There are 2 protein chains.
Amino acid sequence: MRVLLIEDEPVLGQAVQEQVAADGHAVDWVARLDEADAALRAVDYGLVLLDLHLPDGRGLDLLKTLRRGGDQRPVIILTARDQISDRIEGLNAGADDYLVKPFDLNELSARVMAVSRRYAGNPNPLISSGKLKIDKAARRVWRGEEAIDLTKREWAILDLLTRRATAVISKEQMEEALYDFGSEIESNTVEVHISRLRKKLGRDAIHTVRGVGYRLGSD
Amino acid sequence: MRVLLIEDEPVLGQAVQEQVAADGHAVDWVARLDEADAALRAVDYGLVLLDLHLPDGRGLDLLKTLRRGGDQRPVIILTARDQISDRIEGLNAGADDYLVKPFDLNELSARVMAVSRRYAGNPNPLISSGKLKIDKAARRVWRGEEAIDLTKREWAILDLLTRRATAVISKEQMEEALYDFGSEIESNTVEVHISRLRKKLGRDAIHTVRGVGYRLGSD
DNA sequence: CTCCCCACGTCAGTTTCCCGTCAGTGCCCA
DNA sequence: TGGGCACTGACGGGAAACTGACGTGGGGAG
């Protein structure tokens, strides 16, 4: 699979390029949006890794333009921790996934691997929990045979819960994952989302650990 | 990753424990070789940090015994500057790395990180005691095949009991661990929690040492 | 540009259940 | 045998969590 990396920080760019290349993919690395534009027109990439803060424009605009033009290619956003609002906007704009800097290169490998599997026509590995089957790469969930539609927030929470399979995730962690750094939430938003998720996924899909957080699975 | 720290100096031990814990690892800290022995038998550690000068024996002997038994777990030696011959002997005995006191805590983090990268991908280490299996990272307990739900307080107590595997923990220590400094308790709360824990985990999961405290295990 | 839809944050009323307390009983050792 | 120390069932207060309802704002369709 051929990957386009759009990143202007030399150190991070090099690290990512090496990592993805080590996984057996061809990586084209550009640092500016106009180069990215040209590359996207010339080559049929299987995946785009997009940094949102570039010297000559906002990465988000590139993504929006792509999607408006009907381009469905997978895009994974690389974003800094303090730019979570961008991340939300990115998901709205049609990104497939995001990684928060500084990210673990192995985590990157895993995401790239998921995309490449889809690219090769192979199904993605399914995470299952009780009656649920979760395809993280394709952002899809099934409850038994029935496919479930999740909203962005709902997916973000489920994504957190599946990241470390059996771990307990606190409400604070969920807030951090969902909201802009510093924008405090003073209501029970997370609880409400959990409630909505349970309505869709089944009452016992998510287990409450009172005073601590939530965990995937019922037992 | 779960780390065993074998170190008898309180100040250094505490500093190391905090540093490694801050890096996201679970740290068990023992000061004597017999405790280390017991801990190593009970828990599948991802890394051992070993001080060579301990009150009840030579750390090197522990390392040699481990390696002779075919144990391949990573061991990093902590040694003083004037004991370089020990260091050489340590490497001969099968240590993976060494740090010379006084060492920079960031240097420690780097070494630990290197080990944990190798370790990544493995399932969480399980602590076992009798029929119990305890996954501290996931905050879960099994009694045989059956998963057990623990409340916050119950988990806090079990956590204490497993922290120093064979040690007897007094009720006072448990109170201190459970409650904010200053908020005094004047009832038999700890006993009640122990009782509730035993109901869930099995009568002989926790042993009473009358007049002293509690200890994990039945014998 | 306008209208509609729906995702989401907020709130309030209700429910759940954790935990500290107490009291009665049992057990261990002098 | 008696005096503590420990165990455990019961209970009530209150914090934490759940959920139905509502308003709003942003995105998509026309």
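Please read these numbers as outputs of a predicted model, since none were measured by experiment. Proteins come first, then strands; the chains are lettered A, B, ... in the order of their sequence lines, and each starts at number 1.
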Check this for me: does any side-chain nitrogen of one of Asp149(B) and Arg215(A) sit under 4.0 Å from a carboxylate oxygen of the other? yes

Using whole Å, what does the distance between atom C1' of nucleotide dA6(D) and atom CZ of Arg215(B) come to? 16 Å

Would you tabulate the nitrogen or oxygen pairs shorter than 3.5 Å linking the protein to nucleotides 11-17 of chain D?
| unit_1 | atom_1 | unit_2 | atom_2 | d |
| --- | --- | --- | --- | --- |
| dA16(D) | N3 | Arg210(A) | NH2 | 3.1 |
| dA17(D) | OP1 | Gly211(A) | N | 3.2 |
| dA17(D) | OP2 | Lys171(A) | NZ | 2.2 |

Please report the distance, rounded to the nearest Å, between CD1 in Ile157(B) and C1' in dC18(C). 13 Å

Rounded to the nearest Å, what distance is computed from the CG atom of residue Leu197(A) to the C1' atom of nucleotide dG9(C)? 16 Å

Could you state the NZ-P distance from Lys199(A) to dA7(C), rounded to the nearest angstrom? 13 Å

Thinking salt bridges, do Asp159(B) and Lys136(B) make one under a 4.0 Å N-O criterion? yes

Rounded at 0.5 Å granularity, tell me how far CH2 in Trp29(B) sits from CD in Gln14(B). 5.5 Å

In whole Å, what is the span from the CD atom of Glu154(A) to the P atom of dT19(D)? 14 Å

Calculate the interatomic distance between Lys152(A) atom NZ and dG27(D) atom P; express it in whole Å. 9 Å

Over how many whole Å does the gap from His193(B) atom NE2 to dC19(C) atom P extend? 6 Å

Can you tell me the distance, in whole Å, between the CZ atom of Arg153(B) and the C1' atom of dG20(C)? 9 Å

OP1 or OP2 of dC7(D) less than 4.0 angstrom from a side-chain nitrogen or oxygen of Ser195(B), does that happen here? no

side-chain contact (heavy atoms from CB on, under 4.5 Å) test vs Leu78(B) passes for just one of Ile6(B), Leu5(B), Leu50(B), namely Leu5(B)

Atom NZ of residue position Lys200(B) - does it have more than 12 heavy atoms of other residues, nucleotides or ligands inside 6.0 Å? yes

Is any side-chain heavy atom of Leu49(B) closer than 4.5 Å to one of Val20(B)? yes

Carboxylate-amine/guanidinium contact Glu154(B) Arg196(B), below 4.0 Å: no

Between dT10(C), dA7(C), dC18(C), which nucleotide has the shortest distance from any of its atoms to the side chain of Thr151(B)? dC18(C)

Checking dG9(C), dG20(C), dA12(C) against the side chain of Ser187(B) (C-beta onward), the nearest is dG20(C)

